[in-house]
Amino acid sequence: MTVQHRFVAYYRVSTRKQGQSGLGLDAQRAAVARHLGDGFVHVIAEFTEVESGRRNDRPALDEALAAARLHRAALVVAKVDRLTRSVGFLERLLEAGVDVRFADLPAIEGPTGRFMLQQMAAVAELEAGLISARTKAALAAAKARGQRLGGDRGAKLSTDAKARGRDEQCRLADRRAADLAPVFKKLAGNGIISPAGIARALTLQGIPTTRGRAQWSAAAVRLVQARMAKIGSAAGANIAQQAQS
């Protein structure tokens, strides 16, 4: 059983009055609908950010990214300039680990889409000419040292690199558990507390497993619960340590 590709839409309006009136919002929704075509029926959630002044916090963006991670969905934005005025926005998108699409750009996703976001963040921070010059200088220096560029050199991961890889896997697992925590809490409020019952509910809601599968098992639920308990214990220990210092 495969997980159908889904989308989370993110809109931004500049003032509260504009957000309440729908001015500009309808145009953004129409742009997303045109971009997705028949896929618009698979938009599982929509989030609207009402901005004012120079605020850096974007709660709706955080909620949209969390929903996209939870459902393994792509984030869709109406206009590319809606998210590229700030390097911080792009860095948060890169750290969130979700596919991002812009309705006014060709459909670029996966590794290519991530690469595009990285380039957009770089251009927002530095002049393209400086980046190009530094890259060329580094390649020229490597070539002058006799280093061969490109291709498979038969390199093996070092112990340190393997450790960093394990740490990254743990970080992603912790983030997935944190995304699932509100869902588990809501299910518990409805009296669904057994691993088997939670597994059935998550499957019915179409929430993918940590490994991206559509079908949950009681064992997979227990693993997530153990991760949640570990996160909770670590948070409690940090609070206690801060209180003692």
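Here the structure is a predicted model, which is why all the values come from computation and not from measurement.
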A.B. asks: How close do I192 and A201 get, heavy atom to heavy atom, and via which atoms?
C.D. replies: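 Of all heavy-atom pairs spanning I192 and A201, the closest is CD1-CB, 4.3 Å.
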
A.B. asks: Stepwise, does the side chain to side chain contact (heavy atoms under 4.5 Å, CB included) test hold for E46 with R29?
C.D. replies: CA-CA 9 Å; E46 296 178 298; R29 293 191 81 254; 2.9 Å; yes

A.B. asks: Does any N or O in the side chain of R72 come within less than 3.5 Å of the main-chain N or O of R213, such that one atom is a donor and the other an acceptor?
C.D. replies: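 Here the side-chain-to-backbone pair does not exist.
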
A.B. asks: Can you find a heavy atom in the side chain of V43 that is under 4.5 Å from one in the side chain of V76?
C.D. replies: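 Side-chain contact under 4.5 Å: no.
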
A.B. asks: Can you see which heavy atom on V8 is nearest to which on A64, and at what distance?
C.D. replies: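 In terms of heavy atoms, the two residues are closest at CG1-O, 3.8 Å.
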
A.B. asks: In terms of heavy-atom contacts, does CG of L172 have more than 12 from other residues, nucleotides or ligands at under 6.0 Å?
C.D. replies: yes

A.B. asks: Starting at CG of L223, measure out to OG1 of T210 and round the result to the nearest 0.5 Å.
C.D. replies: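 If I round to the nearest 0.5 Å, the distance is 8.0 Å.
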
A.B. asks: With rounding to the nearest 0.5 angstrom, report the CG to NZ distance, L180 to K185.
C.D. replies: 15.0 Å

A.B. asks: So how far is it from F7 CZ to L75 CG, rounded to the nearest 0.5 Å?
C.D. replies: 11.0 Å

A.B. asks: What residues form a side-chain hydrogen bond (donor to acceptor under 3.5 Å, both in side chains) with D160, not counting sequence neighbours?
C.D. replies: R164

A.B. asks: Indicate yes or no for a side-chain donor-acceptor contact from Q28 to the backbone of A78 under 3.5 Å, with no hydrogens or angles considered.
C.D. replies: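 Answer holds: no.
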
A.B. asks: Is there a donor-acceptor contact under 3.5 Å from the side chain of T203 to the main chain of W216?
C.D. replies: yes

A.B. asks: Any chance you could lay out the side chain to side chain contact (heavy atoms under 4.5 Å, CB included) test for E49 and V13, step after step, and finish with the verdict?
C.D. replies: CA-CA 6 Å; E49 197 87 74; V13 289; over 6 Å; no

A.B. asks: How long is the span from the CZ atom in R200 to the CD atom in Q215, to the nearest 0.5 Å?
C.D. replies: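 Answer for the CZ-CD pair, R200 versus Q215, is 11.0 Å.
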
A.B. asks: Roughly how far apart are L187 CG and Q205 CD, rounded to 0.5 Å?
C.D. replies: 5.5 Å

A.B. asks: Identify, with sequence neighbours excluded, every residue that meets side chain to side chain contact (heavy atoms under 4.5 Å, CB included) alongside Q225.
C.D. replies: F184, P195, I198, V221, R222

A.B. asks: With a 3.5 Å distance limit and no angle check, can you tell me whether R175 reaches the backbone of C170 through a side-chain donor-acceptor pair?
C.D. replies: no

